Amino acid sequence: HRILCIVGARPNFMKIAPIMAAFSQLGERVQAVLLHTGQHYDVAMNHQYFEALGIPAPDINLEIGSGSHAQQTAAIMQHFEPALEQVQPAAVLVLGDINSTLACALVAVKKGVPVVHVEAGLRSNDRSMPEEINRILTDQISDLLYTTEANALQNLTREGIAAERVRFVGNVMIDTLRHNLARAISLPQILATQGREDFRHDKGYAVLTLHRPSNVDDPAVLRALLETVRTISATLPVVFPLHPRTRGMIEKFGLAGLIDIPQILQLPPMGYLEMLGLMRDARLALTDSGGIQEETTALGVPCVTLRHNTERPITVEQGTNTLAGNDPQAILAIFAEVMEHGGKAGRIPEFWDGHAAERIAQDLCDWLDQRRAA
Ligand code: UD1
(Lines give C-alpha, C1' and ligand atoms only; values in the text may rest on other atoms or scores of the structure.)
Protein backbone atom coordinates (compact mmCIF):
# COMPACT_ATOMS: atom_id res chain seq x y z
CA HIS A 1 0.00 0.00 0.00
CA ARG A 2 1.33 3.41 -0.92
CA ILE A 3 0.53 5.95 1.84
CA LEU A 4 1.10 9.64 1.31
CA CYS A 5 2.02 11.25 4.65
CA ILE A 6 1.64 15.02 5.03
CA VAL A 7 3.61 17.36 7.29
CA GLY A 8 3.65 21.15 7.26
CA ALA A 9 4.64 22.75 10.55
CA ARG A 10 6.70 22.05 13.62
CA PRO A 11 4.10 20.17 15.68
CA ASN A 12 3.69 17.68 12.82
CA PHE A 13 7.34 16.70 12.71
CA MET A 14 7.58 14.97 16.08
CA LYS A 15 4.35 13.13 15.27
CA ILE A 16 5.42 11.78 11.88
CA ALA A 17 8.78 10.40 13.09
CA PRO A 18 7.45 7.27 14.85
CA ILE A 19 4.82 6.73 12.14
CA MET A 20 7.47 6.64 9.38
CA ALA A 21 9.51 4.25 11.53
CA ALA A 22 6.50 1.99 12.15
CA PHE A 23 5.67 1.90 8.44
CA SER A 24 9.22 0.95 7.54
CA GLN A 25 9.03 -1.92 10.04
CA LEU A 26 6.14 -3.37 8.05
CA GLY A 27 8.53 -3.83 5.13
CA GLU A 28 6.98 -4.64 1.76
CA ARG A 29 3.42 -4.08 2.94
CA VAL A 30 3.77 -0.29 2.96
CA GLN A 31 5.45 2.33 0.85
CA ALA A 32 5.31 5.61 2.75
CA VAL A 33 5.81 8.79 0.71
CA LEU A 34 6.52 11.95 2.74
CA LEU A 35 5.23 15.33 1.56
CA HIS A 36 6.13 18.63 3.28
CA THR A 37 3.85 21.54 2.39
CA GLY A 38 6.51 24.06 3.45
CA GLN A 39 4.12 25.89 5.81
CA HIS A 40 7.12 26.24 8.15
CA TYR A 41 10.35 26.96 6.30
CA ASP A 42 12.92 28.48 8.71
CA VAL A 43 15.87 26.21 9.45
CA ALA A 44 15.14 26.54 13.17
CA MET A 45 11.56 25.39 12.63
CA ASN A 46 12.43 22.51 10.27
CA HIS A 47 15.87 20.98 9.78
CA GLN A 48 16.64 20.87 13.50
CA TYR A 49 13.63 18.58 13.86
CA PHE A 50 14.17 16.38 10.83
CA GLU A 51 17.78 15.76 11.78
CA ALA A 52 17.29 15.20 15.49
CA LEU A 53 14.36 12.84 14.95
CA GLY A 54 15.80 10.90 12.03
CA ILE A 55 12.85 11.78 9.79
CA PRO A 56 13.68 10.95 6.16
CA ALA A 57 13.99 13.98 3.88
CA PRO A 58 10.60 14.73 2.32
CA ASP A 59 10.05 13.13 -1.11
CA ILE A 60 8.08 16.23 -2.13
CA ASN A 61 8.21 19.82 -0.80
CA LEU A 62 5.48 22.22 -1.93
CA GLU A 63 7.35 25.26 -0.49
CA ILE A 64 4.20 27.19 0.32
CA GLY A 65 5.48 29.48 3.10
CA SER A 66 3.49 32.01 5.11
CA GLY A 67 0.37 33.99 4.23
CA SER A 68 -3.12 34.74 5.48
CA HIS A 69 -5.18 31.66 6.34
CA ALA A 70 -7.02 31.86 3.03
CA GLN A 71 -3.85 32.36 1.00
CA GLN A 72 -1.93 29.64 2.78
CA THR A 73 -4.75 27.08 2.71
CA ALA A 74 -5.57 27.80 -0.94
CA ALA A 75 -1.92 27.65 -2.02
CA ILE A 76 -1.46 24.29 -0.31
CA MET A 77 -4.59 22.92 -1.99
CA GLN A 78 -3.54 24.11 -5.44
CA HIS A 79 -0.05 22.71 -5.18
CA PHE A 80 -1.10 19.50 -3.47
CA GLU A 81 -3.56 18.40 -6.16
CA PRO A 82 -0.96 17.63 -8.87
CA ALA A 83 1.31 15.98 -6.28
CA LEU A 84 -1.55 13.71 -5.24
CA GLU A 85 -2.26 12.80 -8.87
CA GLN A 86 1.37 11.98 -9.39
CA VAL A 87 1.77 9.77 -6.29
CA GLN A 88 -1.60 7.96 -6.60
CA PRO A 89 -1.62 6.73 -2.99
CA ALA A 90 -4.02 4.24 -1.42
CA ALA A 91 -4.54 6.76 1.40
CA VAL A 92 -3.47 10.22 2.55
CA LEU A 93 -2.40 10.51 6.20
CA VAL A 94 -2.69 13.91 7.90
CA LEU A 95 -1.71 14.93 11.44
CA GLY A 96 -3.02 17.35 14.02
CA ASP A 97 -4.81 20.60 13.31
CA ILE A 98 -2.71 22.95 11.21
CA ASN A 99 -3.72 24.55 7.91
CA SER A 100 -1.78 21.90 5.97
CA THR A 101 -3.89 19.18 7.65
CA LEU A 102 -7.20 20.54 6.43
CA ALA A 103 -5.97 21.67 3.01
CA CYS A 104 -4.58 18.27 2.03
CA ALA A 105 -7.50 16.34 3.53
CA LEU A 106 -9.95 18.41 1.52
CA VAL A 107 -8.11 17.85 -1.76
CA ALA A 108 -7.80 14.10 -1.11
CA VAL A 109 -11.43 13.47 -0.18
CA LYS A 110 -12.66 15.20 -3.35
CA LYS A 111 -10.33 13.02 -5.41
CA GLY A 112 -11.83 9.94 -3.78
CA VAL A 113 -8.65 9.11 -1.86
CA PRO A 114 -9.27 7.89 1.72
CA VAL A 115 -8.17 10.33 4.42
CA VAL A 116 -6.57 9.11 7.65
CA HIS A 117 -6.44 11.63 10.51
CA VAL A 118 -3.99 11.10 13.34
CA GLU A 119 -4.84 13.01 16.56
CA ALA A 120 -8.53 13.19 15.70
CA GLY A 121 -11.44 14.26 17.88
CA LEU A 122 -9.78 16.89 20.07
CA ARG A 123 -12.05 19.88 20.71
CA SER A 124 -11.43 23.13 22.58
CA ASN A 125 -15.02 24.18 21.80
CA ASP A 126 -13.55 27.56 20.88
CA ARG A 127 -14.24 28.35 17.24
CA SER A 128 -12.15 31.51 17.34
CA MET A 129 -9.08 29.23 17.21
CA PRO A 130 -8.07 28.47 13.62
CA GLU A 131 -6.99 25.00 14.74
CA GLU A 132 -10.50 24.21 16.02
CA ILE A 133 -11.95 24.82 12.57
CA ASN A 134 -9.23 22.65 11.04
CA ARG A 135 -10.01 19.85 13.51
CA ILE A 136 -13.77 19.85 13.01
CA LEU A 137 -13.60 19.91 9.22
CA THR A 138 -10.77 17.39 8.89
CA ASP A 139 -12.58 14.90 11.13
CA GLN A 140 -15.78 15.26 9.09
CA ILE A 141 -14.03 14.22 5.87
CA SER A 142 -11.75 11.53 7.29
CA ASP A 143 -12.32 7.81 6.68
CA LEU A 144 -10.21 6.64 9.61
CA LEU A 145 -9.76 8.64 12.80
CA TYR A 146 -7.01 7.75 15.26
CA THR A 147 -7.48 9.31 18.71
CA THR A 148 -5.10 10.09 21.58
CA GLU A 149 -7.55 10.16 24.47
CA ALA A 150 -10.91 8.59 25.25
CA ASN A 151 -12.74 11.98 25.38
CA ALA A 152 -12.28 12.30 21.63
CA LEU A 153 -14.83 9.60 20.81
CA GLN A 154 -17.61 11.52 22.58
CA ASN A 155 -16.74 14.66 20.63
CA LEU A 156 -16.84 12.78 17.35
CA THR A 157 -20.05 10.92 18.19
CA ARG A 158 -21.72 14.24 18.99
CA GLU A 159 -20.74 15.44 15.52
CA GLY A 160 -22.31 12.40 13.87
CA ILE A 161 -19.15 10.48 13.05
CA ALA A 162 -19.62 6.71 13.09
CA ALA A 163 -17.78 4.96 15.92
CA GLU A 164 -16.44 2.25 13.54
CA ARG A 165 -14.26 4.88 11.90
CA VAL A 166 -12.69 5.91 15.23
CA ARG A 167 -9.76 4.03 16.79
CA PHE A 168 -8.26 4.92 20.17
CA VAL A 169 -4.56 4.20 19.73
CA GLY A 170 -2.77 6.67 22.01
CA ASN A 171 -0.37 9.49 21.41
CA VAL A 172 2.34 9.35 18.74
CA MET A 173 3.99 12.50 20.11
CA ILE A 174 4.60 10.61 23.35
CA ASP A 175 6.15 7.76 21.31
CA THR A 176 8.72 10.31 20.16
CA LEU A 177 9.21 11.63 23.68
CA ARG A 178 9.88 8.18 25.14
CA HIS A 179 12.18 7.27 22.30
CA ASN A 180 14.33 10.39 22.70
CA LEU A 181 14.25 11.17 26.42
CA ALA A 182 17.69 9.71 27.11
CA ARG A 183 19.17 11.94 24.39
CA ALA A 184 17.54 15.16 25.65
CA ILE A 185 19.84 18.20 25.81
CA SER A 186 19.75 20.06 29.13
CA LEU A 187 19.99 23.75 29.95
CA PRO A 188 23.74 23.89 30.79
CA GLN A 189 24.56 22.48 27.34
CA ILE A 190 22.21 24.98 25.70
CA LEU A 191 23.79 27.85 27.64
CA ALA A 192 27.23 26.75 26.47
CA THR A 193 26.12 26.58 22.83
CA GLN A 194 24.44 29.98 23.06
CA GLY A 195 27.35 31.59 24.93
CA ARG A 196 25.01 32.42 27.83
CA GLU A 197 26.72 30.75 30.79
CA ASP A 198 25.95 33.95 32.71
CA PHE A 199 22.27 32.89 33.10
CA ARG A 200 21.69 31.99 36.76
CA HIS A 201 19.33 29.10 37.54
CA ASP A 202 20.61 27.63 40.81
CA LYS A 203 17.09 27.12 42.19
CA GLY A 204 15.67 25.86 38.95
CA TYR A 205 13.80 27.59 36.15
CA ALA A 206 10.47 27.84 34.35
CA VAL A 207 10.28 27.21 30.62
CA LEU A 208 7.92 29.48 28.68
CA THR A 209 6.48 29.26 25.17
CA LEU A 210 3.96 31.61 23.58
CA HIS A 211 2.70 31.72 20.02
CA ARG A 212 -1.12 31.53 19.88
CA PRO A 213 -2.57 34.47 17.92
CA SER A 214 -5.01 35.09 20.81
CA ASN A 215 -2.02 35.73 23.10
CA VAL A 216 0.52 37.42 20.86
CA ASP A 217 -1.36 39.33 18.15
CA ASP A 218 -3.08 41.81 20.52
CA PRO A 219 -0.66 44.37 22.03
CA ALA A 220 -2.56 44.74 25.33
CA VAL A 221 -2.77 40.99 25.89
CA LEU A 222 0.86 40.40 24.96
CA ARG A 223 2.03 43.26 27.18
CA ALA A 224 0.10 41.91 30.18
CA LEU A 225 1.51 38.42 29.62
CA LEU A 226 5.09 39.65 29.33
CA GLU A 227 4.68 41.80 32.45
CA THR A 228 3.41 38.72 34.29
CA VAL A 229 6.39 36.69 33.07
CA ARG A 230 8.67 39.47 34.30
CA THR A 231 7.03 39.26 37.74
CA ILE A 232 7.40 35.47 37.78
CA SER A 233 11.07 35.73 36.82
CA ALA A 234 11.80 37.63 40.03
CA THR A 235 10.95 34.37 41.89
CA LEU A 236 11.99 31.77 39.31
CA PRO A 237 14.18 32.53 36.27
CA VAL A 238 12.42 31.99 32.95
CA VAL A 239 13.80 30.31 29.82
CA PHE A 240 11.90 31.60 26.80
CA PRO A 241 12.49 30.17 23.29
CA LEU A 242 10.73 32.57 20.92
CA HIS A 243 8.52 31.48 18.04
CA PRO A 244 9.13 33.72 14.97
CA ARG A 245 5.56 35.03 15.17
CA THR A 246 6.04 36.06 18.82
CA ARG A 247 9.43 37.67 18.23
CA GLY A 248 7.91 39.64 15.37
CA MET A 249 4.98 40.87 17.50
CA ILE A 250 7.22 41.85 20.44
CA GLU A 251 9.28 43.97 18.06
CA LYS A 252 6.25 45.42 16.29
CA PHE A 253 4.61 46.50 19.56
CA GLY A 254 7.88 47.79 21.09
CA LEU A 255 7.72 45.38 24.06
CA ALA A 256 11.27 44.01 23.96
CA GLY A 257 12.34 46.12 26.96
CA LEU A 258 9.94 44.19 29.21
CA ILE A 259 11.87 40.95 28.84
CA ASP A 260 15.41 42.22 28.30
CA ILE A 261 16.44 41.37 31.87
CA PRO A 262 18.99 38.87 33.25
CA GLN A 263 16.35 36.56 34.83
CA ILE A 264 14.71 35.95 31.44
CA LEU A 265 16.74 33.95 28.95
CA GLN A 266 15.53 34.60 25.42
CA LEU A 267 16.44 31.88 22.94
CA PRO A 268 15.81 31.23 19.25
CA PRO A 269 13.35 28.39 18.48
CA MET A 270 14.89 25.27 20.01
CA GLY A 271 15.39 21.91 18.38
CA TYR A 272 13.39 18.91 19.63
CA LEU A 273 16.07 17.48 21.94
CA GLU A 274 16.76 20.90 23.46
CA MET A 275 13.07 21.53 24.11
CA LEU A 276 12.72 18.07 25.62
CA GLY A 277 15.64 18.70 27.98
CA LEU A 278 14.30 22.12 28.93
CA MET A 279 10.90 20.65 29.83
CA ARG A 280 12.23 17.58 31.62
CA ASP A 281 14.40 19.61 34.02
CA ALA A 282 12.05 22.58 34.52
CA ARG A 283 10.21 23.19 37.78
CA LEU A 284 7.24 24.13 35.65
CA ALA A 285 6.23 25.02 32.11
CA LEU A 286 4.19 28.07 31.13
CA THR A 287 2.72 27.64 27.67
CA ASP A 288 -0.07 28.16 25.17
CA SER A 289 1.09 25.22 23.04
CA GLY A 290 -1.03 22.08 22.67
CA GLY A 291 1.88 19.69 22.46
CA ILE A 292 3.65 20.98 25.57
CA GLN A 293 0.53 20.36 27.67
CA GLU A 294 0.82 16.69 26.69
CA GLU A 295 4.59 16.42 26.91
CA THR A 296 4.68 17.86 30.45
CA THR A 297 1.95 15.41 31.50
CA ALA A 298 4.08 12.57 30.12
CA LEU A 299 7.14 13.94 31.94
CA GLY A 300 5.30 14.62 35.23
CA VAL A 301 6.28 18.31 35.14
CA PRO A 302 3.64 20.87 36.24
CA CYS A 303 2.19 22.88 33.35
CA VAL A 304 0.42 26.23 33.59
CA THR A 305 -1.49 26.73 30.36
CA LEU A 306 -1.97 30.35 29.31
CA ARG A 307 -5.36 29.68 27.73
CA HIS A 308 -8.96 29.55 28.94
CA ASN A 309 -9.64 26.17 27.37
CA THR A 310 -7.85 23.09 26.15
CA GLU A 311 -8.61 20.56 23.43
CA ARG A 312 -6.57 18.10 25.50
CA PRO A 313 -8.68 17.77 28.68
CA ILE A 314 -6.97 14.56 29.77
CA THR A 315 -3.90 16.64 30.65
CA VAL A 316 -6.03 18.47 33.22
CA GLU A 317 -8.12 15.46 34.35
CA GLN A 318 -5.22 13.03 34.76
CA GLY A 319 -2.05 14.95 34.02
CA THR A 320 -0.10 17.86 35.46
CA ASN A 321 -1.86 20.66 33.57
CA THR A 322 -3.77 23.65 35.02
CA LEU A 323 -5.61 26.20 32.86
CA ALA A 324 -4.73 29.76 33.84
CA GLY A 325 -6.12 31.84 30.95
CA ASN A 326 -4.27 35.07 30.20
CA ASP A 327 -5.32 37.20 33.17
CA PRO A 328 -2.22 38.22 35.17
CA GLN A 329 -3.80 37.74 38.62
CA ALA A 330 -5.00 34.24 37.76
CA ILE A 331 -1.63 33.25 36.32
CA LEU A 332 0.27 34.57 39.34
CA ALA A 333 -2.10 32.80 41.75
CA ILE A 334 -1.59 29.46 39.99
CA PHE A 335 2.15 30.07 39.77
CA ALA A 336 2.30 30.73 43.53
CA GLU A 337 0.30 27.58 44.19
CA VAL A 338 2.64 25.46 42.05
CA MET A 339 5.71 26.95 43.74
CA GLU A 340 4.29 26.31 47.20
CA HIS A 341 2.91 22.79 46.73
CA GLY A 342 4.99 21.55 43.80
CA GLY A 343 2.04 21.34 41.40
CA LYS A 344 -0.19 18.44 40.38
CA ALA A 345 1.43 15.01 40.48
CA GLY A 346 -0.65 13.52 37.67
CA ARG A 347 -0.50 10.11 36.06
CA ILE A 348 0.21 8.87 32.55
CA PRO A 349 -2.93 8.58 30.38
CA GLU A 350 -3.91 5.27 28.81
CA PHE A 351 -1.90 4.27 25.70
CA TRP A 352 0.65 7.06 26.13
CA ASP A 353 3.08 4.17 26.23
CA GLY A 354 5.40 4.70 23.28
CA HIS A 355 3.58 2.27 20.93
CA ALA A 356 0.84 4.37 19.36
CA ALA A 357 2.50 4.58 15.93
CA GLU A 358 2.88 0.79 15.76
CA ARG A 359 -0.84 0.42 16.47
CA ILE A 360 -1.67 2.91 13.72
CA ALA A 361 0.61 1.30 11.13
CA GLN A 362 -0.76 -2.18 11.80
CA ASP A 363 -4.41 -1.11 11.88
CA LEU A 364 -4.13 1.05 8.76
CA CYS A 365 -2.48 -1.77 6.82
CA ASP A 366 -5.19 -4.22 7.84
CA TRP A 367 -7.86 -1.70 6.85
CA LEU A 368 -6.26 -1.17 3.44
CA ASP A 369 -6.01 -4.96 2.96
CA GLN A 370 -9.73 -5.26 3.61
CA ARG A 371 -10.56 -2.43 1.22
CA ARG A 372 -8.47 -4.00 -1.50
CA ALA A 373 -10.13 -7.38 -0.98
CA ALA A 374 -13.64 -5.88 -1.08
C1 UD1 B 1 1.17 27.05 13.06
C2 UD1 B 1 -0.13 26.32 13.34
C3 UD1 B 1 -0.29 26.15 14.85
C4 UD1 B 1 0.93 25.51 15.47
C5 UD1 B 1 2.15 26.33 15.09
C6 UD1 B 1 3.42 25.74 15.69
C7 UD1 B 1 -1.98 26.78 11.77
C8 UD1 B 1 -3.28 27.45 11.63
N9 UD1 B 1 -1.28 27.07 12.88
O10 UD1 B 1 1.07 28.36 13.59
O11 UD1 B 1 -1.41 25.33 15.11
O12 UD1 B 1 0.78 25.46 16.87
O13 UD1 B 1 2.25 26.35 13.65
O14 UD1 B 1 4.52 26.55 15.38
O15 UD1 B 1 -1.61 26.02 10.92
N16 UD1 B 1 7.10 32.15 10.46
C17 UD1 B 1 8.44 32.26 10.20
N18 UD1 B 1 9.13 31.12 9.84
C19 UD1 B 1 8.52 29.92 9.70
C20 UD1 B 1 7.14 29.83 9.96
C21 UD1 B 1 6.45 30.96 10.33
O22 UD1 B 1 9.02 33.32 10.30
O23 UD1 B 1 9.19 28.94 9.37
C24 UD1 B 1 6.35 33.37 10.90
C25 UD1 B 1 5.80 34.15 9.75
O26 UD1 B 1 5.83 35.48 10.08
C27 UD1 B 1 4.35 33.67 9.70
C28 UD1 B 1 4.05 33.43 11.15
O29 UD1 B 1 5.28 32.97 11.71
O30 UD1 B 1 3.51 34.60 9.10
C31 UD1 B 1 2.96 32.42 11.37
O32 UD1 B 1 3.26 31.21 10.70
P33 UD1 B 1 2.07 30.18 10.31
O34 UD1 B 1 2.62 28.96 9.69
O35 UD1 B 1 1.01 30.91 9.58
O36 UD1 B 1 1.43 29.81 11.71
P37 UD1 B 1 2.04 29.52 13.15
O38 UD1 B 1 1.74 30.69 14.02
O39 UD1 B 1 3.45 29.04 13.07
Side-chain angles (χ1 to χ4, degrees), residues 6-16 36-50 53 58 61-77 79-80 94-106 117-120 122-124 126-139 148 173 176 208-218 221-222 240-253 267-272 274-275 279 285 287-296 303 305-307 309-312 315:
I6 311 297
V7 293
R10 193 168 58 174
N12 283 172
F13 304 146
M14 50 281 233
K15 294 171 194 163
I16 203 64
H36 190 338
T37 64
Q39 178 174 341
H40 280 175
Y41 44 89
D42 282 357
V43 173
M45 306 289 279
N46 272 286
H47 300 284
Q48 290 187 18
Y49 282 78
F50 277 77
L53 298 176
N61 193 323
L62 302 181
E63 296 180 4
I64 296 305
S66 300
S68 70
H69 284 275
Q71 283 167 345
Q72 190 175 60
T73 309
I76 297 167
M77 289 181 70
H79 289 80
F80 180 57
V94 295
L95 300 154
D97 55 16
I98 63 170
N99 287 343
S100 301
T101 308
L102 173 62
C104 294
L106 190 49
H117 186 202
V118 174
E119 202 188 85
L122 298 179
R123 295 292 180 270
S124 65
D126 173 3
R127 289 196 178 200
S128 70
M129 272 179 95
E131 292 82 3
E132 183 76 352
I133 307 299
N134 294 341
R135 291 179 199 118
I136 294 169
L137 297 179
T138 303
D139 285 340
T148 55
M173 201 177 60
T176 303
L208 165 72
T209 79
L210 273 182
H211 77 285
R212 290 255 99 77
S214 57
N215 279 337
V216 306
D217 287 6
D218 177 326
V221 173
L222 183 56
F240 185 14
L242 280 124
H243 185 283
R245 171 196 281 278
T246 310
R247 184 172 290 287
M249 292 299 174
I250 289 174
E251 276 162 26
K252 183 172 159 195
F253 303 142
L267 293 172
M270 289 285 100
Y272 181 77
E274 287 83 357
M275 202 56 215
M279 288 188 284
T287 193
D288 61 8
S289 149
I292 290 175
Q293 296 173 50
E294 297 185 335
E295 288 166 332
T296 47
C303 181
T305 294
L306 307 173
R307 290 173 46 191
N309 51 51
T310 179
E311 61 287 335
R312 295 162 161 88
T315 61

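Remember, it's 1-based here, ligands and their atoms both numbered in the order they're listed. None of the values given here were measured: they were computed from a predicted structure.
When each atom of ligand 1 is checked for a heavy atom of His69 under 4.0 Å away, the hits are 8 (C). Near Gln72, the atoms of ligand 1 lying under 4.0 angstrom from a non-hydrogen atom of the residue are 34 (O), 35 (O).
Checked by atom type and distance alone, the side chain of Asn134 pairs as donor or acceptor with a backbone atom of Asp97 at under 3.5 Å. Between the Asp42 side chain and the Ala44 main chain, no donor and acceptor come within less than 3.5 Å of each other.
If you check which protein heavy atom lies closest to atom 31 (C) of ligand 1, you get Arg245 NH2, 3.8 Å. Scanning the protein heavy atoms around atom 27 (C) of ligand 1, the nearest turns out to be Ser66 OG, 3.2 Å. Ranking the protein heavy atoms by distance from atom 6 (C) of ligand 1 puts Pro11 CD, 3.5 Å first. Looking only at heavy atoms of the protein, atom 16 (N) of ligand 1 is closest to Tyr41 OH, 3.6 Å. Nearest non-hydrogen protein atom to atom 12 (O) of ligand 1 is His211 NE2, 2.8 Å. The single protein non-hydrogen atom nearest to atom 2 (C) of ligand 1 is Ile98 CG2, 3.7 Å, given as residue, atom name and distance. In this structure, the protein non-hydrogen atom closest to atom 18 (N) of ligand 1 is Asp42 OD2, 3.0 Å. Nearest protein heavy-atom contact of atom 24 (C) of ligand 1 is Pro244 CB, 4.0 Å.
Relative to atom 33 (P) of ligand 1, the option among Met249, Gln71, Gln39 with the closest non-hydrogen atom is Gln39. Residue nearest to atom 3 (C) of ligand 1, selected from Glu131, His40, Glu132: Glu131 (by heavy-atom distance).
Arg10 is linked by a salt bridge (Lys or Arg N to Asp or Glu O under 4.0 Å) to nothing, counting only residues two or more places apart in sequence or in another chain. For Thr73, there are no side-chain hydrogen bond (donor to acceptor under 3.5 Å, both in side chains) partners at least two apart in sequence or on another chain.
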Step-by-step ring pair (Phe, Tyr, Trp, His ring centres under 6.0 Å) determination, His47 to Phe13: CA-CA 10 Å; His47 300 284; Phe13 304 146; 9.4 Å; no
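By the 4.5 Å heavy-atom criterion applied to side chains, Arg212 and Met129 are counted as neighbours.
The environment of His79 atom NE2 is sparse: at most 12 non-hydrogen atoms of other residues, nucleotides or ligands sit within 6.0 angstrom.
Here the closest heavy-atom approach between residue Asp126 and residue Ser128 is recorded as OD1-OG, 2.6 Å.
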